[in-house]
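Notes to accompany the following structure.
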Amino acid sequence: MKGKQIITSWLAAKELKPFQFQEEAWEAYQQGKSGLVNAPTGFGKTFSLFLAVVIAWIDKHPEQYRKKYKNGLQLLWISPLRALAKDIARAMTEVLEELQIPWQVGIRSGDTSISTRASQKKQMPEIMIITPESLHILLAQRDYPAHFKHLTTIVADEWHELIGTKRGVMVELALSRLKGITAEENRPPLKIWGISATIGNLEEAMQVLMGTHYQDAVIIRAQLKKNIALKSVIPAEMDKYPWAGHLGLKMLPQAIPVIMASQTTLLFTNTRSQSEIWYQSLLTACPELAGAIALHHGSIDAELRIWVEEALHNGILKVVVCTASLDLGVDFRPVDTVIQVGSPKGVARFLQRAGRSGHQPNAISNIYFLPTHALELVEAAALKAAMEEELIESRMPVLLAWDVLLQYLMTLAVSDGFHANDIWEEVRNTYCYQHMTPEDWQWILAFLTTGGDALFSYDEFKKMDRSGNFFRCTSRMLAMRHRLHIGTIVSDVMMKVKFMSGGYVGVIEEGFISRLQPGDSFTLAGRNLEFVMTKDMTAFVRKSTSKRTIVPSWQGGRIPLSSNLGWMLRRKFNEALSRRTKDPELLALQPLFNLQEDLSHIPKDDELLIEHIQTEDGYHLFVYPFEGRLVHEVMAALLAWRISRITPITFSIAMNDYGFELLSDQPIPLTAENSKALFTTDNLTTELQASVNSTEMARRKFRDIAVIAGLIFQGYPGKNKANRHLQASSSLLFNVFRDYDPHNLLLQQAFNEAFFYQMEEARLRETLDRIAVSKIVVTHPEKLTPFCFPIKVDSLRDTMTSEKLADRIKKLIAANG
DNA sequence: GACCTGCTGCGGGATG
């Protein structure tokens, strides 16, 4: 083992010693195994595998490993982020230089220049770091197998980020093809490795990566624990802290000392508009932060974001206000403190964010939790317990994603073409498509060659030619369009925001701009801007001096509270009234809990609380399953439907992550006696269909599916079509399939996705099953309770502007006494 | 005494 000696002595010269898990990874790799490496952030997961490859290389060529050859591509490193790819390439290059190994490290991603691509094509670097999309683009090139002739190893970095997404499916498919090429050329099997943070289903994560073939893959777990110090910031005047709200600006004075005492702080918010508001407020409160504070979220111009990331790296910034855009990626060493404003919604996400600080072995990650309303403080106690018990969420792998398969087959068709029998074998051995039937496969092939039962008369849907079992796309126009559209991320159509004088600020939703009059001011990227005009999907602006500006809102995703966190939250309520609890969060909430108990009840984890409250608005029913807003939305609709079968009655519905409300102008006939029947899982599927508009939900899901499957052309880069266009064509296709091709697999997929992701059907069932064995506690409080107040405020918001809302809340309080 | 909602990720290439 010459390689290992060389590496360990090189490390020793730096006063470093490999961790045990790293040595285990080297060993396993040396034996030709595949597997998954799991370790907390900051312990060198990346290097465990990179050095394993280097060691094996030295052992293979002990005398001439420092000689320059044209070795060809040895190691393919899949990174989900372009920024991460750059960082890793830089680090690898440094190591190789120190070891005097003349290997090239290349990056292949969307920002790789045309000339670099061309030279890569002539001579591949020994190591290539690539995004899943770019990997498929390689597969879409003529003679693509030649690139991979010398490939021995593939590493999927940050695999926990990809599993559970269609980008992960792209990786599965690419691996199946690369394995196929290796087998065709009678080379030794590829070594396939994943690198993953801890998730609930690590075993499954590995199976997904390996496919159904590799039986003897290993999981290497680092027996290391990241030291995380979670500190809840308890509102100074707890008895005056709002019961509802999500911005948390009241806590600003308590956030400032934390920021000032730290070297560099990342302040995470849940939404882009919230980050804009916090940025402005911090700057107003501490003008001395000017130049040392920055803002980072997904709608800010990429160049500006890169500047912020670099400034963070170099320690120039004191604080960065951000959203999930800084969840992962580049290692920001100067960051020593993280502040989470509002609920992180999940344990894994919270850990991930905590790990952004103290990013070195044995350093402590400091994370402060800042509640935005009183009850949210319980989440801090729940998070603490969940971290101790390592109760980390699972990521469910995507199954039978037909849209991605259609795209992939087209990729193969535009490069060298494919033999259906070979590819069928390969695809069926991926985790995603293991249950694909021969009929499904035939349908897919027919759809790509003829357009299927619905689209057979339109030539643009006949994408491939068939001769026997060989499929190929001969149209150069289709091939080019296809290469442009590789990928599974379907973004909403956004409008660019540019200065009149040139200079790009960021993006904003069409709908937001359409509500502005020229001369109106709004805030983006922390700047006050005056709207001038729109032209070609671009909003032109100039600097504004106005003090009153509107903060835009973006219609982003709505992440529900995870079931792990919900479960822990329910458990924490058991301790709410116990004097023995040591959680400072629960102790601080004692007055609130006492009030809730006086007015109503605090549910234990084996109870379901239901509150009947009558106000001047009507009759309210509040239910608290703590299962996240998506489940609550569906449950509310289901319950409303079932109650309306007892008595003719109509409701309006509201919900948040903790519970939901049904509001009616007549008494709601739900009692402790009939409640079990109203929450039963009997006839669930049919009654869901009746109560929820699943067709509409499926129609919304279908838009992305149609784009990914290549049925809708989104236009050439930089010239995106307007949103209306996309909606219209996808809706049209949806109708055509429904009417003329009801067995269409893409249509079925749309319904499946609606049930799985939008209604969280599995989780709904589990919730109902839990309720079936729970004790149901029905109370009749005389006024609004601390539990119901946030939901009530939320339901008012739908129908009112914010000023009216403030008045309304005052009235509510007054009426509540 | 109680306010403002809603994340992220990627991206042709052949020819003159």
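Chain letters run A, B, ... following the sequence lines, proteins first and then strands; every chain starts at 1. Quantities reported herein were computed from a predicted structural model and do not represent experimental measurements.
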Given [options], which nucleotide is nearest the side-chain atoms of [X]?
X	options	answer
A:Leu249	B:dG12, B:dC4, B:dG6	B:dC4
A:Arg167	B:dA2, B:dT8, B:dC10	B:dC10
A:Arg272	B:dG6, B:dG11, B:dT8	B:dT8
A:His246	B:dT8, B:dG1, B:dC4	B:dC4

[atom1] of [X] versus [atom2] of [N]: gap in Å, rounded?
X	N	atom1	atom2	answer
A:Ile486	B:dG13	CD1	P	8 Å
A:His482	B:dG11	NE2	P	14 Å
A:Leu326	B:dT8	CG	P	10 Å
A:Asp143	B:dA14	CG	P	10 Å
A:Phe512	B:dC4	CZ	P	17 Å
A:Met494	B:dG6	CE	P	11 Å
A:Leu81	B:dG11	CG	P	10 Å

Hey, is the side chain of [X] poking within less than 4.0 Å of OP1 or OP2 on [N], counting only N and O atoms?
X	N	value
A:Lys121	B:dA14	yes
A:Thr488	B:dC10	no
A:Ser273	B:dG6	yes
A:His485	B:dG11	no
A:Arg117	B:dG12	yes
A:Thr131	B:dG11	yes
A:Gln141	B:dG12	no
A:Ser109	B:dC10	no
A:Arg476	B:dA14	no
A:Arg82	B:dG11	yes

Would you check if the side chain of [X] reaches a backbone N or O of [Y] as a donor-acceptor pair within less than 3.5 Å?
X	Y	result
A:His136	A:Gly487	no
A:Glu661	A:Ile653	no
A:Gln254	A:Leu370	no

Sugar-phosphate only, base, or nothing, as touched by [X] at under 4.0 Å among non-hydrogen atoms:
X	answer
A:Leu328	nothing
A:Thr165	nothing
A:Gly487	nothing
A:Arg558	base
A:Asp327	nothing
A:Arg108	sugar-phosphate
A:Arg349	nothing
A:Glu161	nothing

Query raised in the report: Is A:Phe789 stacked on the base of B:dA2, with ring centres under 5.5 Å apart and planes under 30° apart?
Result: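 Here A:Phe789 meets both the 5.5 Å and the 30° conditions.
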Requested in this report: Using a cut-off of strictly less than 4.0 Å between a heavy atom of the residue and any atom of DNA chain B, enumerate the qualifying residues of residues 297-307 of chain A by number.
Outcome: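 The stretch gives A:His297, A:Gly298, A:Arg305 as the residues lying under 4.0 Å from the strand, ordered by number.
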**Report entry** Test item: A:Gln407 and A:His482 side chains (from C-beta on) under 4.5 Å apart, heavy atoms
**Finding:**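 Side chain of A:Gln407 against side chain of A:His482, heavy atoms only: contact under 4.5 Å found.
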Listed partners of [X] passing side-chain hydrogen bond (donor to acceptor under 3.5 Å, both in side chains), at least two apart:
X	result
A:His373	none
A:Ser475	none
A:Asp157	A:Trp77
A:Glu303	none

**Report entry** Position toward the 5' end of DNA chain B (nearest nucleotide), A:Pro80 or A:Ile114
**Finding:**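 It is A:Pro80, whose closest nucleotide lies nearer the 5' terminus.
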Query raised in the report: Can you name the residues that form a side-chain contact (heavy atoms from CB on, under 4.5 Å) with A:Asp111, not counting sequence neighbours?
Result: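 Scan of A:Asp111 (side-chain contact (heavy atoms from CB on, under 4.5 Å), adjacent residues dropped) gives A:Arg82, A:Lys86, A:Ser109.
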